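What you see below is based on every heavy atom in this structure, not just the backbone, and it leaves out hydrogens, waters and symmetry mates. A note on names: the letters A, B, ... follow the listed sequences, proteins ahead of strands, and every chain is numbered from 1. Here the structure is a predicted model, which is why all the values come from computation and not from measurement.
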Amino acid sequence: MTFSMNKYDKILIIVILISSLLLYGTMEWFVRSTTSDQTVAVVSYRDKEILRVDMKIDDTYIVQGTLGEVFIEVESGRIRVEKETSPYNLCSIQGWVEYANVPIVCLPNHIVVMIQNSEEDPNGEDSVIQ
Amino acid sequence: MKRHSPTRRLTLITMLLAMSILMHMIEPSLPIPIPGVKLGLANILGLITMFLFGIKSMIMLNFMRVIIASLLRGIIFGTGFWLSMGGVILSTFITIVLHKKSKLSPVGLSVASSAFHGLGQILVLMFINDTVMMIYWLPLLWFSSVPTGMVTGTLSAQVLKRLKV
């Protein structure tokens with residue numbers, strides 16, 4: 001019995017590589033096409049919403065996490081955790097987030113930042129007339 | 001596969017199981033820069049067992065490995081345990097199917113098993129966290145399953161070439 005690589009292995013490897021790229025492409029396209037122009041970032045501490053940030057306004061916000069203050073910065077439609085106190089600083093290393101597919105999670109601080117489409121529909125004025 | 005006396009067979013499988021538990025336990029301490037990606041060294045022992053002792057032994061080895069390693073680490077029935085379990089169920093399943101239905105070598109089997117291990121873990125995470133967001137991790141896991149699977153597959157192929165039991 002031979003154990004070396006054969007052509008079936010190569011086919012399988014190519015199939016997996018192509019399908020991972022296709023999956024990535026589809027997901028990126030899906031997220032970009034479903035993210036509207038008006039987004040808000042919802043900041044929660046231990047699953048409770050503590051702050052709702054308009055992504056249109058550039059500003060810096062400070063929230064209280066488990067290990068200390070977490071500085072959240074919004075700039076030109078993007079959001080990031082600027083600095084925070086944690087063993088590995090993973091969420092400030094993560095950098096800017098623009099679309100709703102990637103949450104920023106500061107696990108040691110129990111802070112989660114998620115981007116959502118804001119409820120205000122730009123064409124919604126007609127529907128509220130009674 | 002040669003016929004062994006039951007005692008010899010049991011001893012050999014037990015030694016393979018001990019080694020796979022060891023691999024499972026030391027794996028998290030290996031530094032890999034991408035979060036969520038690991039080599040899957042324990043799968044080397046799973047593949048060797050399948051080629052030497054057949055499919056039933058591999059199923060037993062893989063499940064015993066997850067259960068005993070979780071018991072030793074004290075995380076049994078925790079999130080980590082269910083993650084390993086979800087991964088091992090799908091990866092064992094796909095290895096058996098591909099081994100029976102295709103002519104893949106250990107390298108290909110290892111890549112497929114690694115990819116489905118990732119898929120199983122993501123399905124469990126989606127169930128535990130009650131969110132479909134985890135699916136965005138799948139392309140990265142599948143992409144990285146090719147190099148990691150090739151490493152573990154090549155290692156098990158080399159061991160199988162040299163090992164005479």
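No side-chain donor from either of B:Ser105 and A:Asn6 sits under 3.5 Å from a side-chain acceptor of the other.
Hydrophobic clustering (ILVMFWY, side-chain heavy atoms < 4.5 Å, transitive): B:Leu41 and B:Leu72 are in one cluster. There is a path of hydrophobic side-chain contacts, each under 4.5 Å, that joins B:Met60 to B:Ile96. Hydrophobic clustering keeps A:Val63 apart from A:Phe71 (ILVMFWY residues linked when any side-chain heavy atoms are closer than 4.5 Å, directly or through intermediates). Linking Ile, Leu, Val, Met, Phe, Trp and Tyr residues whenever their side-chain heavy atoms come within less than 4.5 Å leaves A:Ile18 and A:Tyr8 in two separate clusters. No continuous path of hydrophobic side-chain contacts links B:Ile75 to B:Leu125 [ILVMFWY only; heavy atoms under 4.5 Å].
Residue B:Lys56 places its NZ atom among 12 or fewer non-hydrogen atoms of other residues, nucleotides or ligands, all under 6.0 Å distant. Summarising the local packing, CG of B:Asp130 is surrounded by 12 or fewer heavy atoms from other residues, nucleotides or ligands at distances under 6.0 Å. No more than 12 heavy atoms of other residues, nucleotides or ligands shown are found within 6.0 angstrom of CZ on B:Phe127.
Each of A:Leu12, A:Leu90, A:Leu22 has some count of heavy-atom pairs under 4.5 Å with chain B, and the biggest count is that of A:Leu12. Taking chain A as the reference chain and counting heavy-atom pairs below 4.5 Å, the highest number among B:Val107, B:Leu141, B:Leu160, B:Leu138 is found for B:Leu160.
Within the 4.5 angstrom heavy-atom criterion, only side-chain atoms of B:Ala115, from C-beta onward, approach chain A. Using a 4.5 Å cut-off between heavy atoms, B:Val111 contacts chain A through both its backbone and its side chain. In this structure, the portion of B:Ser145 lying under 4.5 Å from any heavy atom of chain A is its side chain and not its backbone.
One distance of note links CG of B:Leu104 with NZ of A:Lys10; it measures 12.5 Å at 0.5 Å rounding.
When all heavy atoms of B:Pro139 and A:Leu23 are compared, the closest pair comes out as CG-CB, 3.9 Å. Listed here is the closest heavy atom pair of A:Ile16 and B:Trp142: CG2-O, 3.5 Å.
In this structure, B:Tyr136 and A:Val31 have side chains that are in contact, with non-hydrogen atoms separated by less than 4.5 Å. Side-chain contact between B:Met150 and A:Ile13 is present, with at least one heavy-atom pair separated by less than 4.5 Å.
Taking the six-membered ring for Trp, A:Phe3 and B:Phe51 have ring centres closer than 6.0 Å.
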Worked verdict on B:Phe143 versus A:Leu21 for side chain to side chain contact (heavy atoms under 4.5 Å, CB included)
CA-CA 8 Å; B:Phe143 199 85; A:Leu21 291 176; 4.2 Å; yes
